[in-house]
Amino acid sequence: MNEKRNVQIHFRLTPSEVQRMRMKMKEVGICSQGAYLRKMALDGYCINLELSDVKELVSLLRRCSNNLNQYTKRANEIGSIYQADIQDLQERLDRIWEDVKDVLVHLSGIY
C-alpha cells in the first residue's frame, strides 16, 4: 500500500533541541529529518520511569549509613560495639539488597 503523505504536523524546537535531534539522527544513521521524526513519532519510545522504589532504597541506604556512622563513632569512643548492632545493620542491608534485586528485575523489563 503506497499512501501519499499529505498531512502536515508542525512543532517548534529550541536551537539546542535541534542540535540534540541532529546528533541523535547521526547516531542512528538517518539523514532525512522527516524520516527520523516520522520513525520516532510512529515507532519511538517515551519512557516515564516511576522511581518511588528507588527513592525508598536511597532512603533506606541513608539510614543504614547513618547507623554505621553512629556505630563507628561508638567504637572509637568506647573501643567496641555490640554484636546486636552489627546483626541489625546486616539484616537491614540484606533487606535492602533484596529490594535492589526486585527493582533491577522490574527495570530490566522496560524495553
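Residues M40 and M23 do not share a hydrophobic cluster, clusters being chains of Ile/Leu/Val/Met/Phe/Trp/Tyr side chains in contact below 4.5 Å. In the hydrophobic clustering of this structure, V28 groups with V18; members are Ile, Leu, Val, Met, Phe, Trp, Tyr whose side-chain heavy atoms approach within less than 4.5 Å, directly or through other members.
The salt bridge (Lys or Arg N to Asp or Glu O under 4.0 Å) test applied to R74 returns D85, not counting sequence neighbours. Qualifying salt bridge (Lys or Arg N to Asp or Glu O under 4.0 Å) partners for K39, counting only residues two or more places apart in sequence or in other chains: D43.
The salt bridge (Lys or Arg N to Asp or Glu O under 4.0 Å) analysis of residues 58-69, with sequence neighbours excluded, yields no pairs. Within the structure, salt bridge (Lys or Arg N to Asp or Glu O under 4.0 Å) contacts touching residues 97-106 (residues at least two apart or in different chains) are E98-K101. Evaluation of the side-chain hydrogen bond (donor to acceptor under 3.5 Å, both in side chains) test over residues 21-36, restricted to residues two or more places apart or in two chains, returns none.
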Would you tabulate the side-chain donor-acceptor contacts of residues 87-97 under 3.5 Å, counting partners in other chains and residues two or more places apart, or write 'none'?
residue: Q87; atom: NE2; partner: E91; partner atom: OE2; Å: 3.4
residue: D88; atom: OD2; partner: R92; partner atom: NE; Å: 3.2
residue: D88; atom: OD2; partner: R92; partner atom: NH2; Å: 3.4
residue: Q90; atom: NE2; partner: D94; partner atom: OD1; Å: 2.9

Anything under 3.5 Å between a donor and an acceptor, one on a side chain of residues 6-15, the other on a protein residue two or more places apart or in another chain? List them.
residue: Q8; atom: OE1; partner: H10; partner atom: NE2; Å: 3.0
residue: T14; atom: OG1; partner: S16; partner atom: OG; Å: 3.2
residue: T14; atom: OG1; partner: E17; partner atom: N; Å: 3.1
residue: T14; atom: OG1; partner: E17; partner atom: OE1; Å: 3.4

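Counting heavy atoms of neighbouring residues, nucleotides and ligands inside a 6.0 Å radius, atom CD of E56 exceeds 12 of them.
Judged purely by atom type and a 3.5 angstrom limit, T72 uses its side chain to pair as donor or acceptor with the backbone of L68.
With rounding to the nearest 0.5 angstrom, the OG atom of S52 is 10.0 Å from the CG atom of L57.
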